[in-house]
Asker: 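Pasting a structure here, questions to come.
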Amino acid sequence: MSGSFRAELVKLVRRPASWLLLGVALVLALLFTYVFPYAGYAAGTAGPNTDRALPMLLPDQLVGNSLGGFPVFLGSIVLILGVLVVGGEYGWGTWKTVLSQGPSRLAVYAGKLLALLVAALVVVLAVFGAGAVASVLIAATESQPVAWPSVPDLAVGIGAGWLIASMWAALGALLAIALRAVALPVGLGLVWMLAVQNLLTAIAAPLLDWVAQLQKGLPGPNAGSLAAALGAASDTPGVAATVGGGQAALVVAAYLVAFAVVGGALLRRRDIL
C-alpha cells in the first residue's frame, strides 16, 4: 500500500488539474469571504454580504471564515478532485496497467484514499493560509489590531475542515467507482451539493417536517452545522446550525468511513471495465 500511496502522491503533484482545482478553491475562498464583503464595506454600499461588519474580516475570525466554504463550494472542489483521482483510471483505461504491477485492488484503493486525505489537508491549510494573509491585509489597511485565534481553536478548525473535505473527497471516489466514469460522477455530485441539498433546506424542510428531520442525517447539513459551530457565518450558503457541533462531527466522520468502505467493496467485487 505504501508504494501505491507514493505513486498517487506523485500523480497528484504532477497532474495540472490538481493545481487548477487548488487555485480555484483559493480564488473562491478569498473572493466570497474577504474581497467582496470588504469591497462592500469600503464602498458603503448595501448588498447581500455587507452586513458582515469589519470585525468579521479580521484575523481573530479566521477559523469561521475559512470553514464557511467547505460545506458547499470548496467541498465541491474537493469532490471533483476525488472523482478525478479514482475515475481517471476508468477514463484512461489504466486500471489493468496499475493492477498488473502486483498490488491488489484494495491496496491501490487505499493508496488513493490516503493521497486524497493528504490533498484535502493541503486544500484546508492553503485556505487557512490565504485567509490569514487576507485578514492581516484588511487589518493593516483599516488600522485594526491583529489578534489571532488560540492554537487549540486553530487546530480544531483545521481538523474540522480536514474532516469535511475528506468526506467530500471520499464521496467523489465512491461516485467514480459506482459509475466507472468522470463526467457523470462530477455532474451528479455537483447537482447534489449545489442544488438538491440547498433546495431541501430552503424549500422542502420548512414545508415538510419529515424532510426537516431527514436532513439532520444528511452529509451537507451536518457539514454546515459543524462549520457553524466553529464560527462560520450563518449567511454563508450551506452553513446552518441544524444540529449540534458534536453530533455533526460524528455524522461527518461516519459518512467518511461509509463512503470509503462502500467504495472499496464495489471496487473489489465488480469488474473494473
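Scope of the values below: all heavy atoms of this structure, side chains included, with no hydrogens, waters or symmetry mates.
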Asker: Answer whether the closest heavy-atom distance between the side chains of Leu9 and Val118 falls below 4.5 Å.
Answerer: yes
Asker: Answer whether the closest heavy-atom distance between the side chains of Tyr34 and Asn65 falls below 4.5 Å.
Answerer: yes
Asker: Using 0.5 Å steps for rounding, measure from the CD1 atom of Ile80 to the CG atom of Leu175.
Answerer: 11.5 Å
Asker: Can you name the nearest heavy-atom pair linking Leu218 to Tyr255, along with the distance?
Answerer: CA-OH, 3.7 Å
Asker: Do the side chains of Ile138 and Thr141 get nearer than 4.5 Å, heavy atoms only?
Answerer: no
Asker: Going by salt bridge (charged side-chain N to carboxylate O under 4.0 Å, His left out), name the residues that satisfy it together with Lys11, two or more places apart in sequence or in a different chain.
Answerer: Glu8, Glu89
Asker: Under a single-linkage definition using a 4.5 Å side-chain heavy-atom cutoff for Ile, Leu, Val, Met, Phe, Trp and Tyr, are Leu12 and Leu74 assigned to the same hydrophobic cluster?
Answerer: yes
Asker: Which distance, rounded to the nearest 0.5 Å, do you find between the CZ of Arg105 and the CZ of Arg268?
Answerer: 9.5 Å
Asker: To the nearest 0.5 Å, how far apart are CZ in Arg180 and CG in Leu266?
Answerer: 9.0 Å
Asker: Give, for atom CZ of Phe259 and atom CH2 of Trp168, the distance between the pair rounded to the nearest 0.5 Å.
Answerer: 7.0 Å
Asker: If hydrophobic clusters are built by linking Ile, Leu, Val, Met, Phe, Trp and Tyr wherever their side-chain heavy atoms come under 4.5 Å apart, do Val186 and Leu20 end up in the same one?
Answerer: yes
Asker: Quiz question: by atom type and distance under 3.5 Å, do the side chains of Gln215 and Thr201 form a donor-acceptor pair?
Answerer: yes
Asker: State whether the side chain of Trp19 and the backbone N or O of Val13 hold a donor-acceptor pair below 3.5 Å, judged by distance alone.
Answerer: yes
Asker: Calculate, to the nearest 0.5 Å, the distance between atoms CG and CG belonging to Leu67 and Leu230 respectively.
Answerer: 6.0 Å
Asker: What do the steps show when you test Leu179 against Leu188 for side chain to side chain contact (heavy atoms under 4.5 Å, CB included), and what is the final call?
Answerer: CA-CA 10 Å; Leu179 300 173; Leu188 291 178; 3.6 Å; yes
Asker: Check for me, please, whether Leu31 and Ile77 land in the same ILVMFWY cluster - side-chain distances under 4.5 Å, paths through other members count.
Answerer: yes
Asker: Output yes when a side-chain donor or acceptor of Ser225 lies under 3.5 Å from a complementary backbone atom of Thr242, and no otherwise.
Answerer: yes
Asker: At their closest point, which heavy atom of Leu54 faces which heavy atom of Tyr41, and how far apart are they?
Answerer: CD2-OH, 3.6 Å
Asker: Taking the side chain as every heavy atom from C-beta outward, state whether Val123 and Leu22 have any atom pair closer than 4.5 Å.
Answerer: yes
Asker: Write down the atom of Ile158, the atom of Val124, and the distance for their closest heavy-atom approach.
Answerer: O-CG1, 3.8 Å
Asker: Apply the test side chain to side chain contact (heavy atoms under 4.5 Å, CB included) to residues Leu84 and Leu21: give CA-CA distance (whole Å), side-chain angles for both, the deciding distance (0.1 Å), then the verdict.
Answerer: CA-CA 11 Å; Leu84 292 178; Leu21 290 174; 3.9 Å; yes
Asker: Could you walk me through whether Tyr90 and Val182 satisfy the side chain to side chain contact (heavy atoms under 4.5 Å, CB included) test, starting with their C-alpha distance in whole Å, then the side-chain angles of each, then the deciding distance to 0.1 Å, before giving a yes or no?
Answerer: CA-CA 8 Å; Tyr90 294 99; Val182 172; over 6 Å; no
Asker: Can you measure from CG (Leu190) to CG (Leu79) and round to the nearest 0.5 angstrom?
Answerer: 6.5 Å
Asker: Linking I/L/V/M/F/W/Y whenever any side-chain heavy atoms sit under 4.5 Å apart, do Leu106 and Val261 land together?
Answerer: no
Asker: Got Leu171 and Pro219 here, is their nearest side-chain heavy-atom distance under 4.5 Å?
Answerer: no
Asker: Indicate the atoms forming the closest heavy-atom contact of Ala165 with Val78, along with that distance.
Answerer: O-CG1, 3.2 Å
Asker: Is there side-chain contact between Leu58 and Glu142, with at least one heavy-atom pair below 4.5 Å?
Answerer: no
Asker: Counting N and O atoms only, with roles assigned by atom type, does the side chain of Asn222 sit under 3.5 Å from a partner on the main chain of Lys216, one being a donor and the other an acceptor?
Answerer: yes
Asker: Should we say atom CZ of Phe73 is surrounded by more than 12 heavy atoms from elsewhere, each under 6.0 Å from it?
Answerer: no
Asker: Of all the heavy-atom pairs spanning Ala229 and Gly245, show the shortest one and how long it is.
Answerer: CB-CA, 3.7 Å
Asker: Verify, without hydrogens or angle tests, whether Ser100 (side chain) and Thr97 (backbone) share a donor-acceptor contact under 3.5 angstrom.
Answerer: yes
Asker: Side chains of Phe32 and Thr236, heavy atoms from C-beta outward: is any pair under 4.5 Å?
Answerer: no
Asker: Between Ser66 and Val63, is there a donor-acceptor pair closer than 3.5 Å when you use the side chain of the first and the backbone of the second?
Answerer: no
Asker: Does one hydrophobic cluster hold both Val262 and Val257, with members joined at side-chain heavy-atom distances below 4.5 Å?
Answerer: no
Asker: Of all heavy-atom pairs between Ala223 and Ile164, which one has the smallest distance, and what is that distance?
Answerer: O-CD1, 3.6 Å
Asker: Would you check if the side chain of Trp162 reaches a backbone N or O of Leu125 as a donor-acceptor pair within less than 3.5 Å?
Answerer: no
